[in-house]
Each structure stands twice: as C-alpha cells, then as structure tokens.
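Note sheet for the following structure.
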Amino acid sequence: MTWGFEFYATFSARIFSFCYYWAFEELLNKWKKKVLVMIVNIDKIEKRISEARRQTPTFWEGVLDNIKRNYLYHVDNLIHPLQKDALQNSVDAQDPNARQIVVRFELIDEANPPLFIIADSGTTGLTGRILSEEEMRRDLPEEERWGRFEGYAFLRPDPTKRGARGQGKFVFVMNSKKHLIVYDTYRKDGVYRLGARKLGDLDNPVEGARARAMLKQYFPALQPLQTVGTRIIIVDPVEELKEAFLNGSFKRYIQTTWWRLLENGSLRVILKHGSDEQTVEVPSELRFPTEDSKSVKVWIRRDCLLKRGKRSTRVKMLNLCFLESPPPEDVRGIAILRGGMVITRFPVSDLTDLPPEKADRIYGFFEGDMGTEELLKKVEDPTHYGFIRTASAFGRGIVPQIRAFLANELRRFAEEKLGIEVKERPAGFYQLLRDFNRLLKELGITLSEGRPGKRRPHVSPRDIGVAFKNLNLPRGYSRVDFGEEVSFTLEVANRTDCKARVEVGARLEQAGVTVKDLLRKKRANIAPREKKQIGDFRVQISAGKLAPGRCKLIAELECLEHPRHHKGEKLDTAIFTLWVEQDPPPATGIFRDIKYVPKLSGKFGEKELNPQFRVESHPEGGYVLKISTSHPQYRLRCRNQESTNEYAVELLARAVAEIMAMEGLKPFDKEMSAEEVLKTSTDLVSLILEKKGA
C-alpha cells in the first residue's frame, strides 16, 4: 500500500513538473518571439544598402515638370524666373572687394543652333573642388559653389543669400529645347573649368587647357572666360525666350524685379543682340520720389520697430506713393524686397478697405533690416515668388507682422495725407470671426489636410480662477492706438466649497518685458462659491512706453491658503492681447476675413446680377467673405452694428456649405444627387445658425 502510494505520488509529481516545464517553456518561447519581433537590426539594413550602392532611379522629365508647375503657379511663363534666378546666382556670388556686379545676357541667333548666354563679372566664380559622387550627396558648405551648382536640394545657411533649393538651374535647362546647358567659370586662383548638363545628367568637368580646347570643340566662335566670373550657355533656347528678349519683355522683368540694386549701382545688367547692346535702366515709375509734388503724394517710414521678441527686427524703409492715375499693372501693390530682389507684391486692396479706385493708385515697396530678412528667408517659397503657408509663417510669424504694419501705414497715409476716410472694422468684428471659426471646429468642420478635424475638447474652468471683465476697448476689439485708454476689472471666482485666501497681480507686458505693474499682489478672501470683482483699472497706451505691435494684459492668481492647494501655487493666469497702432492678424480657421464692398458682379445667363456675397481664397490660406453693401437685403436688414453682425453670421453659414462643396469635405465628399446636396446644405446652415444662436 505504501509502495503504491509512493509510486503514485512520484509519478504525479513528475507529470506536474513536466507540464509546468512545458507550460513555462511555451511562455518563454512566446516571450522570446515577442522580443525578437521588437528588435530591428538597423545596422544590417544600412550595411546592406551601402554595399549595394544603388540609387533611386530618377525620371528627370517628371522632376522638371514638377518644378515647372511650381513656378507657373506664381507667374505666367518660365522666362521671368530665368532672369530672376540668373541674377540671383550672380548677386549671391559677389566678390567682397567688387563694388559692382555686371551681368550680360546675349542672344546669338545666327549660331546653329542659336545660343542664349548669361555671363557675370565682379563675382567669385564657381569656387570649390570637383566633388565625388559621395560628397555630392551631402549638404555642401557655401564655398563649394561648383558642387552646389551641379547638385540639387541643398540648404542655404546664410540668410543674406537668395538661393535656397538649387532648383533655379533647372529653369535654364527648361528654357533649352534640347534641355542642354554648358557652363564655365574662371576664378581668382587661375582655375578655368568647364561642365555641361543634359536634363539631370552631368558631364565630367574638365579644367585648364583641356577645358579651353573642349569649349572650342563645342562652340568654335566663343572664347574661354578671361575675367573672374561664371558663364551659362543655354543651347537652342525656346522660342518664348527669344521672343521675350527681342520684344522688351525680358528687360521689363529685370527692371520690375531688380530695380533697387540697379538704382543704387551695385548691379549692372547688359542686354546684347548682334551689334545692339543696351544697359538696363530703372524706369521712371520705379524711381520712387521722397517728396510730395503736384502729381504724387508720398508716405515714407524709416527705421521703425516691426516685431519685438528675443531679437528686435525693424523696418529699414517703407515708401508709398499715390498717383493721379494708376501705375502700370506689373508694379501695383506693395513690393516686398529681400536683398534688393522683389519676392512678391501685396495688393493694396487686400491690406485695406480703401475704395478700389483709390487703392489702385497706391503702390510702393517695403524693406526690412537683416533680422527681418532672416525671418522672411525661413518662410520664403523655393521659387522666390511668395511665402510658404505654414502655421509658423502665417500664425504669429513675420509675414502677418508685415501685413499688419502695412495695413496700419496705409490707413494713416490715406487719412493724414490723402484725406480719405478709411472705415474702421465694425465693433466685435474680429471676435465674431474667431467665435465662428471656433464653432466650425467644434462641429468638426476644418480645412486641415482637406478633411474635417477632430472636435476641440471642452476645457473646464479652474476651480479658483481669474478673468478680465467689463473690458472697455476704444473700437470694440483688440486694436488700440497711442493716446487711447483701455479699462477693465478683474473677477476672481472660487468654485469650490471651501474658503480661499489668494493673491492677485496684474501687469501690462510687451515682448516679455513688464511695461507697467497694474496691480501688485493684492490679497483677497473669497468665500465658497463666490465671485469677487477687484479694481477698476485704466491703462493709457503711451508712445513712450509701448511700440507698435502686440502687447498683453496679464493677470495671475496665486494661492495663500486652501485645503486643495498648497501655498504659493499658481492657480490661474488670464491673458488678453492688445494690438498697438495696428489691426490684429487675420483670424485663423476657415474664414480669415470679411470685406464689405460696394458691389459684386455676377451673371445668370445673360442677366447681370449683384450677389449678396462672394467667397474668395485668402492669400494666406482659408477664405474671405465679401459682402455687397448695395444689395437690397443689406440695405433692408443692416440698421445697426448688431443687425450687421447677425447678417454677416447668416452669410458665413451659407458660405460654409459652398466652401465644403468646393473642398470636397464631409458630407459632400460622397456621391450625392442635386436634391441631396441642397437638403444637406440647408440642414447644415440651420445647424450652424442654431449653434451660433445658442
């Protein structure tokens, strides 16, 4: 009996041990597999790729087509960017000891095939070594100009330089029927070098006597460069380039882009065709006067603060002119210069609510200091014809600062010198836009990546908080001018069931610096579930203490005694932003602006119409709602500011449905019949108006 029990017990123990070991081993194997899944042998992958030495095949026709599309988004042809990139390259490569850069454009149409030649002097030439393929794949330093000219997509660390992505050279290629360019350079160190490009393929560059002999083989009539500089030869130029060069369009492009450097003598441009040779001069309309006359009124601002932050930036020069008749169309608007080159022009009508017949007669230019140019460089489009529409660029960055500055100066110019009254934005205008955009976000309607975004989470108020109340603003929104006053009270709310002892402080701040202490740590006892009003504050906006731009009213609440909070804990901070001597930046969201215009044009068949509103794209993204003030509904309903705002909200709601249809957003991103679209649009407008009313 004992033996049988011992045998059974031993056998059971071994079976249990085996099952336990088997189960443990299964768990161990599963864990090993899981760990192995998590391990990635990156070193082996990278080693394998480096040993293979294969490059991604590049379809260069497609690359050129993409680059072409980028340029044609801003301009009508590829001739304008040719002169812009060619002169940009020369100005970037200026010899520090040279007083003037000279660039020659020459058309040799008696050659077979014809040639278009760009040659400069007063520059360093294409400095640097002939690089290996491995070196060419790296981001090259500034002095490796030869490598940068042959490469693509390099960074440009120096903000004073204009080239950025290395795609300008492809403009030369695209202006050749054969997609072929030849280039040579002569440098201070005596090196003469020759290279060539066919689409994206590069010839092996040669130097010295061999390069001179090869140039003679290619172009028997051309001589090697004898002075320091660079030459680009476009083989068989396209007909549009030859036509623009001969009819004067090419010359005009240079004048309207580079007049600032032509005017101060740092750049000289020569055009040659056969025996005809001419120097590009600055036209009369681009010789901006500095004093008033019978035919022109002038507004000039120099060396004024533009933006305050970690580093101050300034306006170097703003020159605005009002003419008796509109200037030529290609110079209208405010030209934004960087390094003497016109990047873009902001239309006056986009910056102010001046009557169109007056706005068309104002034009001018804006130049910033080195700090401003550095910030502009960071958001400049790779084509050099505008600015990238990013949150950093158009949220609180340098571009809206410039636009706000220009808008303010245009208003002052119109009122103080031209005697034109510029209508102020209606009271509550900016708050109306912000509230409406916030409502659309809560409904899940945004333009983020072309699709509606997530709903904004509701944020509960602090259990003990502070807020600005009874804000009295001169215009009903956040703009204040020098000499005006802002008044407010502070409300401290205790939403808990316990008594709170707190300390309240308030100040006026600009660029992180306290301009004035409005309240220095006032102590207060707040009963449970109580709201207490503190102070009657009045803030004078003084030119001696504040600069044009953004400033903040800041209130802070600190705990002295409360069961839920420790002493010294910051309970809440309230911030209200003011804009001194300028309007706030455009609202963010779907709607960036509302403009009230005298009349809108439209047609229904052959019949001329005056629509109630029109939706147009805003230059910084989003949309502008234009409302006709001559429409019968506007005249009937807009009796005062409150009724005008109600009317604007109704049109904003109707415009949302139109924008969603254009953008293909839900619920219009699926197949719908005309009846379904109409019903859904009506329901959407009703929903928005119901939410806005609530």
Side-chain angles (χ1 to χ4, degrees), residues 67-68 70-92 100-111 113-121 123 162-163 167-183 229-263 266-287 327-332 335 337 340-345 383-385:
I67 294 174
K68 179 180 178 180
N70 291 340
Y71 280 105
L72 293 183
Y73 178 80
H74 301 280
V75 289
D76 296 331
N77 55 58
L78 290 177
I79 315 304
H80 196 289
L82 184 143
Q83 59 81 28
K84 195 170 192 177
D85 277 286
L87 290 168
Q88 170 194 283
N89 290 343
S90 298
V91 174
D92 271 1
Q100 187 181 63
I101 301 163
V102 180
V103 181
R104 288 174 173 268
F105 294 93
E106 183 178 4
L107 175 63
I108 307 177
D109 50 11
E110 65 268 19
L115 303 175
F116 188 83
I117 298 175
I118 308 162
D120 65 32
S121 59
T123 64
R162 297 155 190 80
Q167 67 182 29
K169 66 182 73 63
F170 293 108
V171 175
F172 309 143
V173 172
M174 287 184 286
N175 273 285
S176 164
K177 293 179 184 177
K178 300 182 182 300
H179 288 163
L180 174 65
I181 63 171
V182 178
Y183 41 93
T230 302
R231 175 170 56 186
I232 299 167
I233 304 166
I234 299 176
V235 179
D236 200 6
V238 296
E239 295 302 322
E240 292 86 347
L241 175 55
K242 293 190 287 185
E243 183 180 347
F245 192 79
L246 296 174
N247 67 19
S249 300
F250 191 80
K251 176 183 176 181
R252 181 65 179 178
Y253 296 157
I254 295 171
Q255 291 173 325
T256 56
T257 306
W258 296 97
W259 58 266
R260 192 67 168 153
L261 297 186
L262 295 172
E263 182 182 52
S266 59
L267 175 65
R268 184 179 177 216
V269 181
I270 299 169
L271 307 181
K272 185 177 181 182
H273 176 237
S275 60
D276 180 27
E277 184 172 298
Q278 59 176 310
T279 299
V280 177
E281 302 290 344
V282 180
S284 59
E285 67 270 16
L286 289 172
R287 294 187 180 273
E329 192 170 348
D330 58 356
V331 297
R332 291 182 189 176
L337 304 183
M341 177 176 69
V342 175
I343 302 300
T344 187
R345 286 181 167 84
T383 62
H384 313 297
Y385 281 98

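Note that this is a predicted model, so its numbers are computed, not measured. What you see below is based on every heavy atom in this structure, not just the backbone, and it leaves out hydrogens, waters and symmetry mates.
- In terms of the salt bridge (Lys or Arg N to Asp or Glu O under 4.0 Å) criterion, residue partners of Lys177 (sequence neighbours excluded) are, by chain and number, Glu239.
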Worksheet item: Given the rule in the side chain to side chain contact (heavy atoms under 4.5 Å, CB included) test, do Asp85 and Phe170 qualify, once you have shown the distances and angles that lead to the verdict?
Response: CA-CA 10 Å; Asp85 277 286; Phe170 293 108; over 6 Å; no
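- Summarising the geometry of Tyr253 relative to Thr256, their closest heavy-atom pair is O-OG1, 3.3 Å, with the distance given to 0.1 Å.
- For the pair Lys84 and Tyr385, the distance from NZ or CZ to the six-membered ring centre is under 6.0 Å and the angle to the ring normal is within 45 degrees.
- Comment: Glu329 does not engage Arg252 in a salt bridge, judged by the lack of any side-chain N to carboxylate O separation of less than 4.0 angstrom.
- A donor-acceptor distance shorter than 3.5 angstrom exists from the side chain of Ser176 to the backbone of Val235, with no hydrogens or angles considered.
- The closest side-chain heavy-atom distance from Ile118 to Phe172 is below 4.5 Å.
- With sequence neighbours left out, the side chain to side chain contact (heavy atoms under 4.5 Å, CB included) criterion links Ser266 to Leu261, Asn264.
- Taking OG1 of Thr257 as the start and CD1 of Ile343 as the end, the distance is 9.5 Å to the nearest 0.5 Å.
- Around the NZ atom of Lys68, the shell of radius 6.0 Å holds no more than 12 heavy atoms that belong to other residues, nucleotides or ligands.
- For the pair Ala335 and Arg345, the tightest heavy-atom approach, listed with the atom from each and the gap, is CA-CG, 3.7 Å.
- Proximity of Leu271 to Lys251: side-chain heavy atoms (C-beta onward) are separated by under 4.5 Å at one or more points.
- Among residues two or more places apart in sequence or in another chain, the side chain to side chain contact (heavy atoms under 4.5 Å, CB included) test is passed with His273 by Leu107, Asp109, Phe245, Leu246.
- The two residues Pro237 and Pro114 make their nearest non-hydrogen contact at CD-O, 3.2 Å.
- Residues Met341 and Trp258 are in side-chain contact: their nearest non-hydrogen atoms beyond the backbone lie under 4.5 Å apart.
- Side-chain atoms of Ile117 and Arg104, non-hydrogen and from C-beta on, never get closer than 4.5 Å to each other.
- Scanning all heavy atoms of the two residues, the minimum distance from Leu78 to Val171 falls at O-CG1, 3.8 Å.
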Practice prompt. Walk me through it: do Glu110 and Ile108 pass the test side chain to side chain contact (heavy atoms under 4.5 Å, CB included)?
Written response: CA-CA 6 Å; Glu110 65 268 19; Ile108 307 177; 3.6 Å; yes
Fill in: Stepwise side chain to side chain contact (heavy atoms under 4.5 Å, CB included) test for His74 and His80
CA-CA 10 Å; His74 301 280; His80 196 289; over 6 Å; no
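- Taking CG from Leu115 and CD1 from Ile232, the interatomic distance works out to 13.5 Å, rounded to the nearest 0.5 Å.
- With a 4.5 Å cut-off on side-chain heavy atoms, Leu262 and Leu286 do not count as touching.
- Looking only at side-chain heavy atoms (C-beta outward), Val269 and Gln83 stay at 4.5 Å or farther from each other.
- In this structure, the side chains of Trp259 and Leu337 come closer than 4.5 Å at one or more pairs of heavy atoms.
- Across all non-hydrogen atoms, the minimal contact from Glu285 to Pro328 is OE2-CG, 4.0 Å.
- Evaluated for a side chain to side chain contact (heavy atoms under 4.5 Å, CB included) with Ile254, the options Leu87, Leu267, Val103 yield exactly one hit, Leu87.
- Counting non-hydrogen atoms of other residues, nucleotides and ligands closer than 6.0 Å to CG of Asp76 gives a total of 12 or fewer.
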Fill in: Phe116/Asn175 under side chain to side chain contact (heavy atoms under 4.5 Å, CB included): CA gap, chis, key distance, verdict
CA-CA 9 Å; Phe116 188 83; Asn175 273 285; over 6 Å; no
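- Closest non-hydrogen pair, Ile101 versus Ser90, comes out as CD1-O, 3.9 Å.
- Within the 4.5 Å cutoff, the side chain of Glu243 has no heavy atoms near those of the Ile79 side chain.
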